[in-house]
Amino acid sequence: MEHVLPDGRVVAWAEFGDPAGRPVSYLDGTPGSRLWSPPESALDGIRLFTMDRPGYGRSDAVRRPTLLGVADTVSALMTAVDVPRFGVVGHSGGAPYALACGARFPDRLTGVVASALTGPDRELGTVRGKQRRQVWLLRTVPGLGRRFVTRAAAFYAQDPLAMHRQQLASGNDRWMTPQEESKLEGARQGAAGLIADWLATDIHRWGFALRDVRARTLVFAGRHDPGRAAPDAPMVVARIAGAELRIDEEAGHTPSPAGWRDLLSWAAGAPG
C-alpha cells in the first residue's frame, strides 16, 4: 500500500497481525523493507504497521535523510490510517528512528522499544582513538561522509542477499530468519535506502538528545550481540528518564519469537 505525504512524497507501507489488535509501528533494521515483520507467533493481539524508509522499496528518497524526518513520516502514516495512539518498536538500524518518535511526539505513544540499538557515539563517547579521528573527518569535510557511505553501500545494489546469507550461514544469530523477499524489495532502488540510513544514523547529527525522549521507553539487547548493543544499552537507559533496560542472556542480535512477543506487547502498553 502507498500513502502520499503532504510534501508529495510517497511512502509504502504494509499491515500484519490482528486488524482488531493494539496498534504498533515497526521499524525494520538496516537494510530492510516493509515486507519483514516479527514472527507471526508474536503478533497475537497486535495490529502491526511497517513501512519503507526513504529510498527503500517503493518509498521516495529524500535529499537529506534524518531520524526526525522518518519520525514525522511515521506520525503522518498513523494519522492517515486513523490510529491516534500506538506503540513503536525499532530493531537494530530501526531503533534510532523509534527513539526519534519518542522525542518527536511522545504524547501519541503507548511505548517505545529500541531493540539491538547502537547508541549515539557523539553523546555516549563510545568512539575513540584513530577511529574517532576518521569519524570526525567523515562528518566535517563537506561531502566526504556521503561519498564514503555511497561506496560502502554499493554491495547492496549488486547483491542484496550476500551479507544476509553470510550471517545466516554463520549461525551466530540463533533466531535470525531468512528475509530474502524483504532484502530484495529494500534494494528496489539500489542502495539508496541503505545510504540514507547510514547518513541519518552515523553521519548526520541525530537532531535530539537521549534526554529528549519523553515516551515510556524500553531498551532491549541480547547479551551475545556482536555489536555495541549490550554495552550501550545501560548508558542509553541512564539518559532517558524512566527508561527500562532488558538484557536477554540467551539472545544475540535478534530476539527470540517469545522475546518479540514481549517487546511488541510492551510497546502496545502492557506492563513490564
Side-chain angles (χ1 to χ4, degrees), residues 22 24-30 32 36-39 41-44 46 48 67 87-103 106 109-128 131 164 167-168 170-177 179 197 201-202 206 208-272:
R22 295 171 293 170
V24 175
S25 175
Y26 173 69
L27 295 156
D28 196 16
T30 299
W36 192 84
S37 73
S41 61
L43 300 181
D44 185 30
I46 297 294
L48 194 77
L67 299 184
V88 176
V89 175
H91 177 67
S92 190
Y97 297 99
L99 293 181
C101 292
L109 301 177
T110 54
V112 170
V113 172
S115 168
L117 168 74
T118 297
D121 64 87
R122 282 185 174 100
E123 188 168 349
L124 302 182
T126 48
V127 174
R128 302 181 180 89
Q131 186 183 9
H164 183 58
Q167 291 170 337
L168 282 171
S170 74
N172 294 330
D173 196 349
R174 62 183 295 191
W175 286 304
M176 178 182 283
T177 57
Q179 303 171 27
D197 267 348
T201 59
D202 298 328
W206 279 24
F208 63 95
L210 292 172
R211 66 174 179 274
D212 298 326
V213 179
R214 294 177 288 116
R216 175 175 173 264
T217 302
L218 171 67
V219 179
F220 170 90
R223 180 65 70 191
H224 304 290
D225 191 312
R228 295 207 322 255
D232 280 6
M235 293 188 287
V236 171
V237 166
R239 288 165 170 79
I240 299 175
E244 297 183 26
L245 172 65
R246 187 173 300 175
I247 302 292
D248 187 327
E249 298 295 336
E250 301 298 321
H253 191 63
T254 305
S256 68
W260 277 120
R261 184 173 61 249
D262 291 344
L263 297 181
L264 290 167
S265 180
W266 195 98

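Only this structure's heavy atoms are used, side chains among them; waters, hydrogens and symmetry mates stay out. Along the sequence shown, residues carry numbers from 1.
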[X] side, atom [atom1]; [Y] side, atom [atom2] - distance, nearest 0.5 Å:
X    : Y    : atom1 : atom2 : answer
C101 : L67  : SG    : CG    : 9.5 Å
T254 : Q179 : OG1   : CD    : 7.0 Å
R22  : S265 : CZ    : OG    : 4.0 Å
I240 : L210 : CD1   : CG    : 5.0 Å
S92  : L117 : OG    : CG    : 9.0 Å
M176 : Q167 : CE    : CD    : 4.5 Å

Between D212 (side chain only) and A209 (backbone N and O only), is there a donor and an acceptor less than 3.5 Å apart?
yes
Side-chain donor/acceptor of D197 to backbone N/O of T30, under 3.5 Å:
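It does not hold such a pair.
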With heavy-atom distances below 4.5 Å as the criterion, would you say the side chains of [X] and [Y] are in contact?
X    : Y    : answer
P106 : V213 : no
P255 : D248 : no
P257 : W175 : yes
P39  : T177 : no
N172 : P226 : no
R216 : L109 : no
Y97  : T201 : yes
L124 : R228 : no

Dump the intermediate steps for side-chain contact (heavy atoms from CB on, under 4.5 Å) on V89 and L264, then the final yes or no.
CA-CA 7 Å; V89 175; L264 290 167; 3.9 Å; yes
Set of residues satisfying salt bridge (Lys or Arg N to Asp or Glu O under 4.0 Å) with respect to R223, sequence neighbours excluded:
E249
Shortest non-hydrogen separation from [X] to [Y] and the atoms involved:
X    : Y    : value
G227 : P231 : O-CD, 4.3 Å
P234 : A230 : CD-O, 3.2 Å
A103 : R214 : O-NH2, 4.1 Å
T110 : G87  : OG1-N, 3.2 Å
L99  : W206 : CD1-CZ3, 4.3 Å
A116 : D225 : CB-OD2, 3.8 Å

Which pairs with one or both residues in residues 239-262 pass ring-ring contact (aromatic ring centres under 6.0 Å, His included), sequence neighbours excluded?
Y26-W260, W36-W260, H91-H253, H91-W260
Within the supplied structure, the quantity of interest is the number of heavy atoms (other residues, nucleotides, ligands) at a distance under 6.0 Å from R211 CZ; does it exceed 12?
no
